[in-house]
Amino acid sequence: MNKDNLPVRSYKGTRDFYPMDMCYRNWYFSKVREVVEGFCYEEYHTPLLEPYEVYAAKSGDEVAGEQLYCFEDKGGRKIAIRPELTPSVARLVAARLEELTFPLRWYSIANVMRYEKPQKGRLREHWQVNVDIFGADEIEAELEIISIISRIMHTFQAKPDMFRIKINNRKFFTDVLTDVLKVKNTDVKTISRIVDKKAKMSQEKYYDWLKETGLTQDKIELLDKIFSSNLEEIIRMIHIDSKGANELSRLFQLLDETGLLRYCEFDFSIVRGFDYYTGTVFEVYDTSPENRRSLFGGGRYDNLVSMFKQRNISGIGFGLGDVTFQHFLEGNDLIPDKIYKSQQVLIARFPDVPVSEYFKLAEDLWSVHVKTSIYFSAHDKLGKQLKFAEKKGYSLVIILGVDELKENKITIKYLDSTTQVTVKRDECAGKIKEFPG
RNA sequence: GUGAGUGUAGCUCAGUUGGUUAGAGCGCCAGUCUGUGGAACUGGAUGUCGUGGGUUCAAACCCCAUCACUCACCCCA
C-alpha cells in the first residue's frame with residue numbers, strides 16, 4: 001500500500017451513494033414526489049451557492065454564523081453553500097412576483113450543507129425535500145401542509161403510533177409570554193431558546209437558565225403550569241385578544257374535522273430555531289427513543305420575500321431530511337427489499353461465435369426495452385459466466401453457442417430456478433417479455 | 001468548540017497477567033467441473049495491529065501525543 005495515496009473516504013459528514021444506496025434514494029424520493037405532485041405542487045431547482053447575505057439576515061445566528069460554509073469567489077464576492085432551501089425559494093418568488101399567479105404550490109429536492117460535527121441523524125450534507133405554499137394567508141394552507149405530511153407518512157406505510165406532528169404558533173407563544181408571564185418583548189427570544197431545549201436538558205439546568213434571564217420563582221412555576229396545560233386551558237389564561245390563539249384553535253378545529261388530529265398534538269415547547277418563522281410552527285418526531293431528532297420541521301414565515309422586494313408575500317412550508325427519515329424507516333422496518341433493482345438479461349459468450357451475432361441479439365432486446373448486456377470475455381467458461389450473472393443479480397442468461405447458431409435458436413436460462421428453454425431466434429424477445437419483472 | 005468511546009485482513013470481530021511465526025467467520029481467487037450458477041469439498045492470496053514517540057530483554061496489549069471514526073452537548077432536517 002502506498003502511503004501517498006489519497007484517502008478514499010468521502011469528505012467528513014458527507015456520504016457517497018453507491019448503486020445500492022441510489023436504489024434506496026430513488027425509491028424514497030419518487031414516493032415523496034408522487035405525494036406532493038398529487039397535491040398539485042410544481043418542482044423548482046436552485047443553485048448550490050447563494051450570496052452570503054441571503055442567510056446573514058434571517059436564518060438564525062448559529063446556522064448563519066458557525067454552520068455556514070462560506071468563502072470568497074475569484075471575483076471577491078462573498079458566497080455561501082446553502083444551509084437550507086427556504087431563502088432560495090423566497091428569492092425565486094420575489095424575482096417574479098409580478099408575473100406569478102398566487103397562491104403557489106412549489107417543491108424541491110436538493111442537498112444542503114451545514115458545518116457541524118457529524119453524529120447520528122445529523123451530517124454536514126443531507127438531502128432535503130422542501131415543500132412550500134406562497135400567497136395563502138388562510139389557515140387552510142396549514143391544514144394542507146399537515147395533510148401532505150400525514151400522507152407522506154401514510155405512503156411509507158407508517159402507522160399513527162410511529163410518529164407525532166407537534167404544533168405551536170410563534171405569535172401565540174409571544175402572547176402567552178408577554179401577557180401571562182409579563183415577560184418583556186426583548187426577552188421572548190431568549191426564553192424561546194431555553195424552552196426549545198427543555199426536553200434535552202436536566203430540570204435543574206433548565207430552572208437555573210430561566211432564573212438567569214430574570215424570571216422569578218412564581219413566573220417559573222407559572223411556566224410549568226402552562227406546560228402541563230392543554231391548548232384550551234392556556235388560551236383561557238390570556239387576557240388579550242391573541243391572533244395566534246385564534247389561529248391555533250381554528251387549526252386544531254380543522255384538524256379534528258378532517259381526521260388529521262390523531263397524528264397531531266399541541267406542544268408549547270416547539271418554537272424552532274430559524275428567526276423567520278412568524279406564525280404556525282411544527283416538527284414531526286419519530287416516537288422511537290432511538291431516533292430523537294425531528295423528521296420534518298417547518299412553519300409559516302411572513303417576511304422572507306420582503307427581504308428581496310418591497311411587496312410581501314407570506315409563505316408556509318416544511319423541510320424533510322433524508323438522514324433522520326431513513327432512520328425512521330429502518331427503525332420501523334418500512335423499507336421493502338424489492339426496491340433494489342436487479343438486472344435483466346446477460347448474453348453469455350462462446351469463442352467460436354462471432355461477437356456480431358451477440359450484438360444482433362442484444363439489439364433485438366434493447367429495441368423492446370429489455371435491460372440487456374453482453375459478457376465481455378469470450379474465453380471464460382460458461383460456468384464462470386453463470387456465476388457472474390448470478391452474483392450481479394441478472395434474472396436471465398441467454399445462451400447462444402454453435403449448436404444454437406446452426407439451428408437458428410437460442411436458450412434462455414432462468415437463474416432463479418434451474419430451468420431453461422430453447423426457442424427460435426425471432427421468438428426470443430417475446431419469450432423474455434413473458435418473464436415477470 | 002466541549003466531553004466520552006473505538007481504531008487488528010475487503011467486511012464483522014477474537015487475540016489470556018506484555019512472551020516465539022498474527023487468528024476466526026464471511027467475502028475474494030483457483031480447482032474438483034473444457035456448454036450450465038447457487039451446495040459441498042480442497043487449496044490459495046490478503047495485515048506498517050490508525051500514525052508517531054516512550055517504557056521493556058520483549059508491545060496488537062502499558063504510557064504520552066496525534067489523526068480518523070462513532071456517540072453525546074450546542075444547533076438543526
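All values below were derived from every heavy atom in this structure, side-chain atoms included, with hydrogens, water molecules and symmetry-related copies excluded. Residue numbers start from 1 in every chain, and the chains themselves are labelled A, B, ... in the order their sequence lines are given, proteins ahead of strands.
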ask   = Reckon A/F328 touches a base, only the sugar-phosphate, or nothing at all at heavy-atom distances under 4.0 Å?
value = nothing

N/O donor to acceptor pairs below 3.5 angstrom from side-chain atoms of residues 381-393 of chain A, sequence neighbours left out:
from	atom 1	to	atom 2	distance (Å)
A/Q385	OE1	A/R349	N	2.8
A/Q385	NE2	A/R349	O	2.9
A/Q385	NE2	A/D380	O	2.9

A/R124 atom CZ is separated from B/C69 atom C1', nearest whole Å, by 13 Å

Give A/V112 one of three labels, base, sugar-phosphate or nothing, depending on what nucleic acid heavy atoms sit under 4.0 Å from its own.
nothing

Per the 3.5 Å Watson-Crick/G-U criterion and a run length of at least three, the stems involving RNA chain B are B:1-7 with B:67-73, B:10-13 with B:23-26, B:28-32 with B:40-44, B:50-54 with B:62-66

- Task: Identify whether any heavy atom of A/T411 sits under 4.0 Å from a base atom; if not, whether one sits that close to sugar-phosphate; answer base, sugar-phosphate or nothing.
- Result: nothing

query = Is the phosphate of B/A30, meaning OP1 or OP2, less than 4.0 Å from a side-chain N or O of A/K384?
reply = yes

Euclidean distance for P, B/C63 against B/U42 (whole angstrom): 43 Å

Exercise for review: Check if the side chain of A/E116 and the base of B/A77 share a donor-acceptor pair of N or O atoms closer than 3.5 Å.
Suggested key: yes

note: A/E390, atom CD; B/G27, atom P; distance rounded to Å ~ 12 Å

Pairwise C1' distance, B/C61 and B/G19 [rounded to whole Å] | 12 Å

Rounded to whole Å, CZ of A/R292 lies from P of B/C74 at a distance of 9 Å

Checklist entry - Is A/P51 close to A/R77 at the side-chain level, that is, under 4.5 Å between some pair of heavy atoms? => result no

What does A/G297 touch in the nucleic acid at a heavy-atom separation under 4.0 angstrom: a base, only the sugar-phosphate, or nothing? sugar-phosphate

### Query
For A/K413 and B/G38, is the shortest distance between a side-chain N/O and OP1 or OP2 below 4.0 Å?
no

Distance between C1' atoms of B/G50 and B/U6 (Å, rounded)
11 Å

In whole angstroms, the gap separating P of B/G35 from CD1 of A/I399 amounts to 12 Å

A/L382 near the nucleic acid: base, sugar-phosphate alone, or nothing, with a heavy-atom cut-off under 4.0 Å?
base

**Report entry** Atom P, compared across B/G7 and B/C13: separation rounded to whole Å
**Finding:** 10 Å

If you define the side chain from C-beta out and look only at heavy atoms, does anything of A/V345 sit under 4.5 Å from A/F435? no

- Message: I'd like to know if A/E404 reaches the base of B/G35 with its side chain, counting only an N/O donor and acceptor under 3.5 Å.
- Response: yes

Note to self: For A/T411 and A/E404, which I'm curious about, is there any donor-acceptor pair between the side chains at under 3.5 Å?
What the structure shows: yes

Centre-to-centre under 6.0 Å for A/F163 and A/Y263, is that the case here? yes

Under 4.0 angstrom, heavy atoms only, what part of the nucleic acid is A/L123 near: base, sugar-phosphate, or nothing? base

Review point. Would one find a side-chain N or O of A/R9 under 4.0 angstrom from OP1 or OP2 of B/G50?
Key: no

Looking at B/U34, does its base get a donor-acceptor pair with the side chain of A/K381 below 3.5 Å? no

Quote, to the nearest angstrom, the P distance that separates B/U8 from B/G52.
15 Å

**Request:** Using a strict 4.0 Å threshold on nitrogen-to-oxygen distance, state whether A/E144 and A/R105 make a salt bridge.
**Result:** yes

message = Does A/D403 reach a base, just sugar-phosphate, or nothing at all? Heavy atoms under 4.0 Å.
response = base

Between the base of B/U70 and the side chain of A/Q119, is one N or O donor paired with an acceptor at under 3.5 angstrom? no

Problem - Under-4.0 Å salt bridge between A/D322 and A/R15 - result: yes

Q) Rounding to the closest angstrom, what is the interatomic distance between B/C26 and B/C33 at atom C1'? A) 24 Å

note: A/L68, atom CG; B/A77, atom C1'; distance rounded to Å ~ 16 Å

(request) Look at all strands and tell whether A/F296 reaches a base, only sugar-phosphate, or nothing, counting heavy atoms closer than 4.0 Å. (result) sugar-phosphate

Rounded to whole Å, the CZ-P distance (A/F318 to B/A77) equals 13 Å

- For B/A59 and B/C64, measure between their C1' atoms and round to the nearest Å. 15 Å

Practice task
For nucleotides B/A65 and B/A72, find the distance between their P atoms and express it as a whole number of Å.
Solution key: 26 Å

### Task
Report which part of the nucleic acid A/T419 touches: base, sugar-phosphate, or nothing (heavy-atom distance under 4.0 Å, all strands).
nothing

Sorted by position of nearest nucleotide on RNA chain B, 5' first, the leading residue of A/G321 and A/K120 is A/K120

A/L415 atom CG is separated from B/G38 atom C1', nearest whole Å, by 9 Å

Original post:
Would A/K31 and A/E34 pass as an ion pair if we require N to O under 4.0 Å?
Top reply: no

*Quick one: the side chain of A/K117 and the base of B/U2, do they pair up donor-acceptor inside 3.5 Å?*
yes

Nearest-nucleotide check on RNA chain B, A/Y414 vs A/G298; residue mapping nearer the 5' end is A/Y414

Taking the side chain as every heavy atom from C-beta outward, state whether A/E125 and A/Y11 have any atom pair closer than 4.5 Å. no

Q. Which part of the nucleic acid does A/Q420 contact within heavy-atom distance under 4.0 Å: base, sugar-phosphate only, or nothing?
A. base

What does A/L295 touch in the nucleic acid at a heavy-atom separation under 4.0 angstrom: a base, only the sugar-phosphate, or nothing?
sugar-phosphate

Please determine whether a side-chain nitrogen or oxygen atom of A/R293 lies at a distance below 4.0 Å from atom OP1 or OP2 of B/C73. yes

| query | Hey, is the side chain of A/K391 poking within less than 4.0 Å of OP1 or OP2 on B/C28, counting only N and O atoms? | reply | yes

- Task: Compare all side-chain heavy atoms of A/Y41 with those of A/S108 and state whether any distance is below 4.5 angstrom.
- Result: no

When rounded to whole Å, the NZ to C1' distance for the pair A/K387 and B/C28 reads 12 Å

Would A/E363 and A/K360 pass as an ion pair if we require N to O under 4.0 Å?
no

